[in-house]
Amino acid sequence: MIVTCENCTSPYDLPPGQEGKLGCPVCKHINTPMAVKLEDTRPQTEVEIEVQDHPIKTMLYYPDANRKDDPITAIQRALQGKQKNLPQGHKISLRILEGDQPNSHFFLSKTETVVGRDNRCDIVLRDAEVSARHCGIVVFESVAVLKDLGSTNGTVLNGYLIKEDLLKDGDKIQVGGTTLQFCIKPK
């Protein structure tokens with residue numbers, strides 16, 4: 001069936017049973033399935049179709065939040081001409097809001113930081129729902145990018161399941177049962 005990506009609005013073919021699993025081929029965003037009311041699934045009669053003024057909806061699920069700019073294009077624009085480097089005069093940290101280690105702060109001291117359950121990760125979380133190498137944060141001067149590293153349960157940024165997206169101060173990242181807050185503050 002043809003669906004429209006709730007992130008970049010590109011139409012694509014989604015095989016049956018892959019709702020919430022298969023991402024958009026353009027921006028890799030995975031539409032999040034939402035409950036459908038039984039009365040919304042009843043077939044329309046020919047009379048209803050003829051008097052319909054609004055366009056026919058092609059998406060299976062509709063997002064609660066506002067549409068975002070295409071994240072891949074936005075990332076490319078934001079990173080243009082920048083090198084991997086920590087910003088001068090600022091400190092970057094992740095704070096655990098919910099999970100096994102609430103109110104813990106982890107300061108990012110490298111341009112690439114890996115979050116996961118494995119002891120070799122830069123930030124180790126004791127959460128059974130977090131993958132060994134769950135996600136990574138890459139800092140390019142004043143721009144930070146969050147990347148899912150092929151985790152089993154996915155990485156959620158401010159309520160959106162993402163593969164890669166830009167981070168800003170105050171963003172909430174959910175990995176497994178742990179919620180982290182990204183913070184960038186002047187020193």
Side-chain angles (χ1 to χ4, degrees), residues 3-12 14 20-32 59 61-99 104-116 118 121-125 130-176 178-187:
V3 295
T4 301
C5 177
E6 47 186 49
N7 187 45
C8 70
T9 67
S10 298
Y12 65 97
L14 182 66
K21 297 175 187 169
L22 190 63
C24 170
V26 175
C27 72
K28 308 297 183 220
H29 176 80
I30 299 174
N31 290 350
T32 20
M59 286 179 57
Y61 308 104
Y62 297 92
D64 295 348
N66 293 327
R67 291 190 185 277
K68 298 191 310 182
D69 190 13
D70 176 6
I72 304 303
T73 307
I75 291 168
Q76 290 169 344
R77 278 194 309 262
L79 297 182
Q80 195 169 16
K82 291 188 171 41
Q83 300 294 323
K84 289 181 187 175
N85 200 359
L86 292 174
Q88 297 295 320
H90 287 79
K91 58 183 177 182
I92 302 174
S93 67
L94 289 175
R95 188 178 98 197
I96 297 181
L97 300 176
E98 295 175 17
S104 296
H105 272 83
F106 300 95
F107 290 94
L108 279 61
S109 59
K110 301 180 347 184
T111 57
E112 294 186 43
T113 303
V114 177
V115 178
D118 192 304
C121 291
D122 301 301
I123 299 175
V124 179
L125 300 175
V130 171
S131 294
R133 291 176 45 85
H134 199 100
C135 65
I137 297 174
V138 184
V139 181
F140 296 85
E141 299 168 15
S142 59
V143 178
V145 178
L146 174 67
K147 294 182 179 185
D148 182 82
L149 300 177
S151 65
T152 304
N153 294 324
T155 301
V156 177
L157 175 63
N158 297 326
Y160 284 95
L161 187 62
I162 60 107
K163 292 287 183 195
E164 182 176 25
D165 211 338
L166 296 171
L167 284 171
K168 63 185 180 314
D169 184 48
D171 279 349
K172 292 181 181 164
I173 304 163
Q174 186 172 351
V175 290
T178 303
T179 304
L180 306 155
Q181 185 172 35
F182 179 78
C183 303
I184 181 166
K185 304 286 183 198
K187 288 183 181 175

Worksheet entry | Minimum heavy-atom distance I75-E164, with the two atoms named | CD1-CG, 3.5 Å
Fill in: Heavy-atom closest contact (V139 atom, P87 atom, distance)
CG1-CD, 3.8 Å
Item to complete: To the nearest 0.5 angstrom, please state how far the CZ atom of F107 sits from the SG atom of C183.
Response: 8.5 Å
Response to the item:
To the nearest 0.5 Å, atom CZ of F182 lies from atom CG of L180 at 11.5 Å
Worksheet entry | Inter- and intrachain pairs under side-chain hydrogen bond (donor to acceptor under 3.5 Å, both in side chains), touching residues 79-97, at least two apart | K84-E112
Fill in: side-chain contact (heavy atoms from CB on, under 4.5 Å) against T155, all qualifying residues, sequence neighbours excluded
H134, C135, L146, D148, S151, I162, I173, V175
Worksheet item: Considering residues at least two apart in sequence or located in another chain, which fulfil the side-chain contact (heavy atoms from CB on, under 4.5 Å) criterion with A132?
Response: D118
Worksheet item: How long is the span from the CD1 atom in I184 to the CG atom in L167, to the nearest 0.5 Å?
Response: 9.5 Å
Practice prompt. Might you point out which heavy atoms bring A78 and V143 nearest each other, and give the distance in Å?
Written response: O-CG2, 3.8 Å
Fill in: Interatomic distance, T113 atom OG1 to F106 atom CZ [nearest 0.5 angstrom]
11.5 Å
Response to the item:
Contacts of K187 meeting side-chain hydrogen bond (donor to acceptor under 3.5 Å, both in side chains) (sequence neighbours excluded), chain-then-number -> none
Worksheet item: Quick one: side-chain contact (heavy atoms from CB on, under 4.5 Å) partners of V156, sequence neighbours excluded?
Response: L161, Q174
Worksheet item: Between CG of L157 and CG of D165, what distance do you get to the nearest 0.5 Å?
Response: 5.5 Å
Discussion item. The criterion is side-chain contact (heavy atoms from CB on, under 4.5 Å); which residues satisfy it with L149, sequence neighbours excluded?
Written reply: V114, R133
Item to complete: Please determine which of T179, I123, L125 meets the side-chain contact (heavy atoms from CB on, under 4.5 Å) test together with I96.
Response: L125
